[in-house]
Amino acid sequence: MNQNKKPLYEKLAAHEKKSVYSFHVPGHKYGNLIPKDASRYFQQMLKLDATELSGLDDLHSPEGVIMEAEELLAQLHHVKRSYFLVNGSTVGNLAMIMAAVKENEKILVQRNCHKSVLNGIRLAGAVPILLGPELNEEWGIASGVSVQTVSQAIELYPDAKAIILTYPNYYGMVYDLQGIARLCHEKGIPVLVDEAHGAHFIAGDCFPKSSVELGGDLVVQSAHKTLPAMTMGAYLHYNTNFIRKEAVESYLQMLQSSSPSYPLMASLDIARGYLATFTREDGEYLLKKITEFKDRLQQLKGIKVLSYKNGEGDPLKITLQSASALSGFEIQKLLEDEGIYTEMADPNNVLLVFPLLKKGMDFPLTEVTAAFKKALHALASFKTAKVNFALAHQGISKLEINIKNQGNLESRLVPLDTASGKVCAEFIIPYPPGIPLLFPGEVISQESIEQIKLLRETGARFQGGKNLLQGKISIY
Ligand SMILES: Cc1ncc(COP(=O)(O)O)c(C=O)c1O
């Protein structure tokens with residue numbers, strides 16, 4: 001197949017060039033009804049916002065240009081089948097989990113996962129076995145799970161029907177996914193991978209290996225995060241003998257809109273073409289630009305550019321750690337004041353996502369470095385400014401009350417000090433490291449209480465646990 005082709009985009013553009021009379025949805029009629037004040041932005045793009053017309057195929061039953069575009073994607077990744085997703089990795093995670101596990105079946109799940117993973121398990125009515133990730137003290141965050149943890153989990157729960165992992169983590173860290181996949185496959189356990197942040201990994205040797213290459217059975221990628229695709233655009237790759245393709249397809253049909261956006265799908269076609277034509281020279285050019293940029297940032301006072309252990313990680317992700325009295329959030333704000341908008345911050349770090357540049361593409365690094373200098377000029381460097389959070393390794397655990405049985409239970413607030421031994425009724429997710437310290441349905445240990453207190457004292461923020469500031473926690 002010719003990877004330079006963009007069948008869906010090309011067909012859509014050809015349709016736009018014909019003068020057609022629209023007596024079909026959408027109601028904006030190729031942008032003609034858009035009010036003048038908004039048309040400056042919308043009019044051009046809405047010319048491509050068609051629907052399932054003759055020749056434009058149907059995402060839910062593809063046999064024409066959408067099928068061809070998906071086949072090109074599958075060929076690029078060397079998988080049995082690939083799908084375009086129009087509701088992000090979120091819908092991919094829901095669909096693949098529901099296809100892999102049924103009610104009351106066990107699924108091994110990396111504790112520091114995206115909420116869509118837990119929602120998928122909840123919808124499936126499955127039983128999550130939580131796997132504690134490894135911790136990176138220098139960065140102050142959680143990375144991936146170890147082969148040893150997975151091996152122990154399989155020994156404890158040999159009836160687990162699947163495992164779901166996050167690879168890479170938000171900060172671009174990778175781990176021995178191949179070792180885990182080998183182990184799981186020996187036991188007949190399919191490996192589902194949320195590769196939301198790694199859609200570009202097959203672009204070349206300058207990136208870590210992709211989950212599909214490492215043995216992932218079902219892999220979900222947010223094309224919109226690192227490829228030139230529109231927000232919500234994602235891919236699901238199917239490369240397994242463990243799970244029926246029809247099951248995945250039926251959940252995708254159930255969970256996705258019956259009116260998927262054509263501009264969005266065309267952008268997925270364009271993003272695949274961009275990735276497929278990314279050359280070795282592009283990779284060398286990109287790495288040179290990233291190194292140049294990091295070298296310049298490294299010279300600034302008040303921040304430290306972090307490096308991956310053994311250099312293994314995603315070069316597109318650049319983590320800057322505060323080396324001043326300011327937190328990551330405060331540094332992020334200073335940068336915004338100079339027009340630099342970053343991906344995210346935590347108490348120690350600020351995370352940047354570098355563009356996947358091809359050879360000759362410009363990015364105003366000189367101007368950006370000047371803006372960095374201006375933003376950070378007043379900072380003084382400290383030797384150890386990193387906030388020391390309580391990073392305790394969490395092992396393998398199971399919920400006391402499974403998610404499915406929590407729906408009808410009543411919850412109430414109790415003082416944190418009296419909560420030991422009770423069953424938690426909310427998520428407690430401290431940042432950093434962003435790993436749920438407690439899940440709803442999990443027993444609260446005295447150790448978790450001490451950890452929450454320590455985290456509060458050191459200024460961590462929490463997702464969930466909105467009453468912790470008043471010293472209270474919700475229990476069943
Ligand atoms: C690890 C991970 N998985 C899944 C998602 C959801 O992806 P999307 O926004 O494409 O639905 C995110 C979003 O940030 C994520 O970080």
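Order of appearance sets the numbers: ligands from 1, and atoms from 1 within every ligand.
The cationic group of Lys289 does not satisfy the cation-pi geometry with Phe363, failing either the under 6.0 Å distance to the six-membered ring centre or the 45° limit from the ring axis. The side-chain tip of Arg81 points at the ring of Tyr83 from less than 6.0 angstrom away and within 45° of straight on.
A donor-acceptor pair under 3.5 Å is absent between the side-chain atoms of Ser89 and the main chain of Gly92, judged by distance alone. Looking at Gln3, its side chain does come within 3.5 Å of a backbone N or O of Leu72 through a donor-acceptor pair.
Classified by interplanar angle (parallel below 30°, tilted 30° to 60°, perpendicular above 60°), the ring pair Phe201/Tyr167 is perpendicular.
Using a 4.0 Å cut-off to heavy atoms of Ser222, the atoms of ligand 1 that qualify are 7 (O), 8 (P), 10 (O). If you number the atoms of ligand 1 from 1 as listed, the ones under 4.0 Å from a heavy atom of His224 come out as 8 (P), 9 (O), 10 (O).
Nearest non-hydrogen protein atom to atom 11 (O) of ligand 1 is Thr90 OG1, 2.6 Å. Protein heavy atom at the shortest distance from atom 16 (O) of ligand 1 is His197 NE2, 2.7 Å. Protein heavy atom in closest approach to atom 14 (O) of ligand 1: Lys225 NZ, 2.9 Å. Here the protein heavy atom with the shortest distance to atom 6 (C) of ligand 1 is His114 CE1, 3.4 Å.
If you look at Asp194 next to ligand 1, the close heavy atoms, those under 4.0 Å, all belong to the side chain. The parts of Ser89 lying near ligand 1 are both backbone and side chain, judged by heavy-atom distances below 4.0 Å.
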Inset, instruction - Quick one: do Gln152 and Leu131 satisfy side-chain contact (heavy atoms from CB on, under 4.5 Å)? Show the steps, please. - result: CA-CA 10 Å; Gln152 278 171 3; Leu131 311 182; over 6 Å; no
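Between Tyr170 and ligand 1, not a single N/O pair is under 3.5 Å apart.
When only modelled atom types and interatomic distance are considered, Thr279 and Asp282 share a side-chain donor-acceptor pair under 3.5 Å.
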